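Everything below concerns the one structure shown next.
Letters A, B, ... are given to chains in the order of the sequence lines, protein chains preceding strands, and every chain is numbered from 1. Keep in mind it's a predicted model, so treat the numbers as computed, not measured.
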4 protein chains.
Amino acid sequence: MEFRKQKGIYLQIADYICENVLTEQWKAGEKILSVREMAASIEVNPNTVARTYSYLQDQGIIFMQRGIGYFVADDALPRTQVLKKDDFVNEFLPEVFHTMDVLGIKIEDLLDYYQHRDNGQTDKE
Amino acid sequence: MEFRKQKGIYLQIADYICENVLTEQWKAGEKILSVREMAASIEVNPNTVARTYSYLQDQGIIFMQRGIGYFVADDALPRTQVLKKDDFVNEFLPEVFHTMDVLGIKIEDLLDYYQHRDNGQTDKE
Amino acid sequence: MEFRKQKGIYLQIADYICENVLTEQWKAGEKILSVREMAASIEVNPNTVARTYSYLQDQGIIFMQRGIGYFVADDALPRTQVLKKDDFVNEFLPEVFHTMDVLGIKIEDLLDYYQHRDNGQTDKE
Amino acid sequence: MEFRKQKGIYLQIADYICENVLTEQWKAGEKILSVREMAASIEVNPNTVARTYSYLQDQGIIFMQRGIGYFVADDALPRTQVLKKDDFVNEFLPEVFHTMDVLGIKIEDLLDYYQHRDNGQTDKE
DNA sequence: GTGGTCTAGACCACC
DNA sequence: GTGGTCTAGACCACA
């Protein structure tokens, strides 16, 4: 049994950045914090942030301009959605469905909860 | 940004026990590990396990026989379902729905995934 | 023969607090001593007081405001009465009746004592 | 606030002896444990037991035969009843009645509990 | 052997 | 500052 288990910190930072992209708080073309600034602001070793940035650059979500800094890529939003949607559907949903089985929650119940949740964004148009 | 944040260890242990009850790997009336055995097996302080057991006893999921040990309660399964269903619906589902919004996943997509998942338990009866 | 036997200290502290609630020396909404203040004032380990407060919070007799402190709950008085009435009837009264038997005191004698005690609140209305 | 507070140990030993007299487990004329035996059996300093015996001898509940030991007095039972009845009525009952007031328990409730307690010794004849 | 309790001290999160 | 949690170690009662 593992307690303090968690995803690598660099992936958590990536999630944090993706969250900002997905919620459009960070938009295409915007400069993001430098490796050192980010590291200082979240109190993490700069190498860890560098790894995050490198990973996100691989994913085409941010890009680097040597000597200038990192920027949100033009198609960061759809790429991030694709990346995270994949995680969500393949890693996360199966767990959710399993939990529902174990707890005896039916898909109809879930629909119910969805339709009656606080922020009624369901049928807005 | 928080990296080390987590539920208390004693609640994680409770979750582990609940999982075993829910999946019926531990059945009503069965003796569970003693406080000290459990503590040794998961490498945690006995006091922490004692707190878990005390919490689960309050919830009516396990019961104690002084000088003998702890046992799975007769109605542990339904009680655990109720307990966890609550968590699931109030803590977990809202997050899921928020993530779906952000990722542009519609409830219909989710239904789709549900109906086409591996173990086709959807409409068996 | 046991000399040092007693209820757990944390329960004795709970009794002390309940007493203050029952006699309305502590009223609904009042802040009570912080865990550390109480611990210092009664010369007990803070963990022990924390356990007492946690227990009383479970009972709905006090409530916590994170970073602020603990307060007497709105319906502390009735809840305390219920809690203690239970103790009185199930734990205490049987002992009293047994003692009366052993001492040859009849229930009528007890009624007599009740009606002639100092503060004649018996039949005031 | 005092926790390990209690009556003097010598009085607790006296209570223990009185209990045995009242329940007629020890009868008039029987020899009781020697000071040293009693002290050893309850793991207490012999001086403490000596004080108890001296106190009970003053009350006429036990008597001593020099070089032989202590014995239960002939009229130990009634004397003990008187002694304890006094305590019960003057020390104990007022507390009980006060507690009942604070808890909102009426004398009629108490009669009820008395008549419905487990061992129906109420109207045996 | 079982669990229950208390202590001392540390660290963390929240306000 | 507040409370929450965990640890290590001790002691007690019950069986």
query: Tell me: CG of Asn45(B) to C1' of dG9(F), nearest whole Å?
result: 9 Å
message: Just the rounded figure in Å: distance from C1' of dT7(F) to CZ of Arg51(B).
response: 13 Å
- request: Would you mind pulling out the nucleotide paired to dC14(F), Watson-Crick or G-U wobble, both distances under 3.5 Å?
  value: dG1(E)
- request: Could you state the atom-to-atom distance from CD of Gln57(C) to P of dT5(F) in whole Å?
  value: 10 Å
message: In whole Å, I'd like the distance from the NZ atom of Lys7(C) to the P atom of dA13(F).
response: 17 Å
- request: Return yes if the base of dG1(F) and the side-chain atoms of Arg36(C) contain a donor-acceptor N/O pair under 3.5 Å, otherwise no.
  value: no
task: Under 4.0 Å between any heavy atoms, over every strand shown, what does Tyr70(C) touch: base, sugar-phosphate, or nothing? Just pick one.
output: sugar-phosphate
query: Looking at the rings of Phe88(C) and Phe97(D), which for Trp means the six-membered one, are their centres under 6.0 Å apart?
result: no
task: Quick one: closest heavy-atom pair of Leu77(A) and Leu22(A), and the distance?
output: CD1-CA, 3.8 Å
task: For Ile9(C) and dC12(F), give me the distance from atom CD1 to atom C1', rounded to whole Å.
output: 12 Å
- prompt: Nearest nucleotide by nearest heavy atom, which residue falls closer to the 5' end of DNA chain E, Leu11(C) or Lys31(B)?
  reply: Lys31(B)
query: Whole-Å distance between dC6(F) C1' and Ile42(B) CD1?
result: 13 Å
task: Using whole Å, report how far CZ of Phe63(C) lies from C1' of dT2(F).
output: 14 Å
message: For a quick test of reading the model: is some side-chain N or O of Ser54(B) closer than 4.0 Å to OP1 or OP2 of dG4(E)?
response: no
message: Taking atom types as they are modelled, would you say the side chain of Asn47(C) forms a donor-acceptor pair with the base of dG4(F) within the 3.5 Å cutoff?
response: no
task: Indicate the atoms forming the closest heavy-atom contact of Trp26(B) with Glu30(B), along with that distance.
output: CA-OE1, 3.7 Å
message: Quick check for you: among dG3(E), dT5(F), dT7(E), whose closest atom lies nearest to any side-chain atom of Tyr10(B)?
response: dT5(F)
task: With heavy atoms under 4.0 Å as the rule, sort Tyr53(C) into base, sugar-phosphate or nothing.
output: nothing
- prompt: Taking the six-membered ring for Trp, is the centroid-to-centroid distance between Phe71(C) and Tyr53(C) below 6.0 Å?
  reply: no
task: Return the nearest nucleotide to the side chain of Thr48(B); candidates are dT7(F), dC14(E), dG3(E).
output: dT7(F)
message: If I take atom CG in residue Leu56(C) and atom P in nucleotide dG3(F), what distance separates them, rounded to the nearest angstrom?
response: 14 Å
statement: When Val49(B), Val44(B), Asn45(B) are each screened for side chain to side chain contact (heavy atoms under 4.5 Å, CB included) with Ile9(B), the one that passes is Val44(B)
